[in-house]
Amino acid sequence: MEHNLYIYNTLSRSKEQFIPLHNDRVGMYVCGPTVYSDVHLGNCRTFISFDVIYRYLIYLGYKVRYVRNITDAGHLEGDRDEGDDKFAKKAKLEQLEPMEIVQKYTVGFHEILSIFNTLPPSIEPTATGHISEQIEIVKQILDSGYGYEKAGTIYFDVEKYNKDFQYGILTNRKLEDLLEGTRELGGQDEKKGRLDFALWIKAKPETLMQWPSPWGWGFPGWHLECSAMSSKYLGKTFDIHGGGMDLQATHHTNEIAQSQACHHAAPVKYWMHTNMLTVNGVRMSKSAGNGFLPKELFTGSHPLLERGYSPMTVRFFMAQSHYRSTLDFSNEALQASEKGFSRLMEGYARLQKLNASAASSIETAGLRTKCEEAMNDDFNTPIVIAHLFDSLRAINLVHDGKETISTADLAELKAVYSAFIEDVLGLKSETEASAGSEAFKKAIDLLLNMRLEAKQNKDWATSDKIRNELTALGFEIKDTKDGFEWKI
RNA sequence: GGUUCGUUGGCCGAGUGGCUAGGCACCGGUCUGCAAAACCGUAUACGGCGGUUCGAAUCCGCCACGAACCUCCA
């Protein structure tokens with residue numbers, strides 16, 4: 001199966017035509033969250049970006065197996081390769097079991113992603129559920145000679161690996177440069193090389209999460225789980241591996257080394273990296289204090305926010321930039337997106353009610369092709385949105401009775417709008433839910449019909465009273481040529 | 001210090017060797033009892049300096065500024 005889809009591959013630093021390894025099947029692995037705290041908006045951007053990518057691959061007709069892991073063990077603070085991991089630390093802080101921490105934040109993560117209307121992955125494996133697979137990989141790396149043991153901890157021998165393969169292939173770095181740039185670690189360091197990283201870490205008696213292994217009780221290193229789970233579910237070599245750009249230099253670099261050492265094959269054909277969400281040009285992160293939570297965004301309860309913004313406004317805001325560009329957050333930009341999004345969705349709703357004519361006086365054909373071309377060019381969602389806005393003008397003109405559209409063109413336009421707005425971009429209307437029940441709608445229609453009568457009788461006082469009071473209650477009333485439209 | 005990337009009109013943000021990105025805001029107009037919405041139209045741009053070219057915001061060089069990564073982070 002071949003489309004004209006081009007994907008920017010971090011490995012080659014260029015756009016390459018996407019040709020899956022197995023005909024119409026695509027394997028995609030995305031690094032998921034470490035569930036020791038709430039996801040902030042920056043984290044969400046990556047998952048929303050890959051959601052759109054996943055959706056478009058499905059649109060093209062691929063059978064996609066989308067694997068996104070949950071990191072629930074092995075992720076340490078700092079690079080010390082010792083002590084408790086993030087879960088144990090947080091567990092102590094909150095006086096909970098580590099698995100209570102994992103459960104709490106996993107549930108929260110799913111809740112948020114569901115609010116953002118992302119599709120669940122095909123498989124969502126956890127690190128703790130794949131301890132034996134990880135131990136197996138450590139064994140194989142030891143067998144192939146790229147690992148060594150020091151007092152119950154197993155390290156990956158980066159310098160040895162680099163003699164046979166290029167260690168920094170993903171970020172185009174030479175080992176000498178990396179060695180120069182690496183900070184000198186403390187004197188207690190037992191690693192052979194400064195770049196060596198732990199595959200399996202020996203547990204102390206008080207370590208909360210530990211498992212038996214051929215090297216005694218311990219727990220897996222952070223990078224290992226992705227190598228284990230991706231190969232288990234997608235094979236030794238698979239199509240797409242994604243994640244945030246910040247994972248490129250260390251996590252993904254080590255993942256490549258592990259998989260190569262274990263399976264004697266490059267694990268991934270296309271590496272994709274999403275860029276960061278920034279605030280005032282600086283990366284959003286918890287440590288910088290500029291990382292706010294989705295819930296704070298929805299309610300506006302964060303010092304950086306003037307007010308709240310809806311989930312779909314945020315999703316639309318993100319889709320208006322390319323996934324490989326940094327996206328700068330600001331109230332002004334969010335407000336612009338809010339208006340743009342609502343205009344687009346109003347047009348989409350209007351499209352459903354349009355009447356067809358015998359012929360089209362406007363050009364709407366070719367929209368699907370244009371949108372596909374944009375998406376085929378490394379998932380260029382901002383261009384798709386630009387094309388949708390171009391057609392929006394046509395929709396409004398037909399709605400106003402200034403232009404006409406044929407039955408066939410109308411059907412195609414509806415199909416394309418639905419496909420790209422809902423299926424590909426994953427946007428959905430937010431007004432319907434709040435509009436409430438049928439009876440409620442009919443009551444409002446009744447009021448507005450009374451206002452229409454008053455208008456026809458030039459009773460402006462009554463007409464304005466109804467409009468003003470409804471407006472005060474949060475309704476938006478729009479007069480049309482021979483009636484009205486309203487929303488909350 | 002090394003690696004990578006960016007600098008686009010009031011704001012956000014695409015694109016790219018010659019052809020309107022788009023959204024929001026602004027201004028003028030049409031429509032309307034008024035308003036809103038919608039439509040039409042105008043305007044404002046590619047960090048600086050050189051070079052290549054018939055032609056560069058787009059390619060090359062230098063400079064300035066900024067960011068990310070090299071240390072846990074989507």
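Chain identifiers are assigned alphabetically (A, B, ...) following the order of the sequence lines, protein sequences preceding nucleic acid strands; residue numbering begins at 1 within each chain. What's counted below: heavy atoms across the whole structure, side chains too, no hydrogens, waters or symmetry copies.
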Asker: So, do A:Phe47 and B:A74 meet the stacking rule of ring centres under 5.5 Å and planes under 30°?
Answerer: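 So A:Phe47 does not count as stacking on the base.
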Asker: Would you kindly check whether a donor in the side chain of A:Asp464 faces an acceptor in the base of B:G33, or vice versa, at under 3.5 angstrom?
Answerer: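 Yes, the side chain and the base share a sub-3.5 Å donor-acceptor pair.
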Asker: So, OP1 or OP2 of B:A38: does either fall under 4.0 Å of a side-chain N or O from A:Arg350?
Answerer: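 Checking B:A38 against A:Arg350, no side-chain N or O comes under 4.0 Å of OP1 or OP2.
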Asker: Using only side-chain N and O atoms of A:Asn396, determine if any of them is under 4.0 Å from OP1 or OP2 of B:C39.
Answerer: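 So the side-chain polar atoms of A:Asn396 do come within 4.0 Å of the phosphate oxygens OP1 or OP2 of B:C39, strictly under.
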Asker: By the 4.0 Å heavy-atom rule, please label A:Ser463 as base, sugar-phosphate, or nothing.
Answerer: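 Result for A:Ser463 = base.
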Asker: Using the P atom as the point on both nucleotides, what is the distance between B:C49 and B:U71, in whole Å?
Answerer: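 Here B:U71 and B:C49 have their P atoms 39 Å from each other.
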Asker: Please identify which of these residues, A:Phe298, A:Phe109, A:Phe50, meets the ring pair (Phe, Tyr, Trp, His ring centres under 6.0 Å) condition with A:Phe116.
Answerer: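 That would be A:Phe298; it is the only one of A:Phe298, A:Phe109, A:Phe50 passing the ring pair (Phe, Tyr, Trp, His ring centres under 6.0 Å) with A:Phe116.
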Asker: Could you please name the option among B:A68, B:G33, B:A14 that lies closest to any side-chain atom of A:Arg283?
Answerer: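 Nearest to the side chain of A:Arg283 among the choices is B:A68.
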Asker: OP1 or OP2 of B:C69 versus the side-chain N and O atoms of A:Arg173: is any pair under 4.0 Å?
Answerer: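 Answer is no, no contact under 4.0 Å.
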Asker: Watson-Crick or G-U wobble partner for B:G50, using a 3.5 Å limit on both distances?
Answerer: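 Its partner is B:C60.
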Asker: Could you identify the nucleotide paired to B:U20, looking across every strand shown and requiring Watson-Crick or G-U wobble geometry with both distances under 3.5 Å?
Answerer: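 None - no nucleotide pairs with B:U20, as no candidate has both distances under 3.5 Å.
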Asker: Return no unless some side-chain N or O of A:Lys339 is found under 4.0 Å from OP1 or OP2 of B:A25.
Answerer: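 Result: yes.
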Asker: May I ask you to say what A:Asp390 touches in the nucleic acid, namely base, sugar-phosphate or nothing, with a heavy-atom cut-off under 4.0 Å?
Answerer: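 Sugar-phosphate: the residue A:Asp390, judged by heavy atoms under 4.0 Å, touches backbone atoms but no base.
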Asker: Need to verify one output field. Residue with the more 5' nearest nucleotide on RNA chain B, A:Cys31 or A:Thr326?
Answerer: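 Looking at the nearest nucleotide for each, A:Thr326 comes out on the 5' side.
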Asker: What's the gap between B:G47 and B:U7 when it is taken at their C1' atoms, as a whole Å value?
Answerer: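 That atom pair is separated by 6 Å.
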Asker: Across all strands shown, which nucleotide pairs with B:U42 by Watson-Crick or G-U wobble geometry, both distances under 3.5 Å?
Answerer: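 None - no nucleotide pairs with B:U42, as no candidate has both distances under 3.5 Å.
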Asker: Between B:G48 and B:G10, how far apart are the P atoms? Round to whole Å, please.
Answerer: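 After rounding to an integer number of Å, I get 14 Å for this pair.
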Asker: Just N and O in the side chain of A:Asn43: are any of them under 4.0 Å from OP1 or OP2 of B:A74?
Answerer: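 Yes.
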Asker: Paired with B:U3 by Watson-Crick or G-U wobble geometry, both distances under 3.5 Å: which nucleotide is it?
Answerer: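 Per the H-bond distance test, B:A68.
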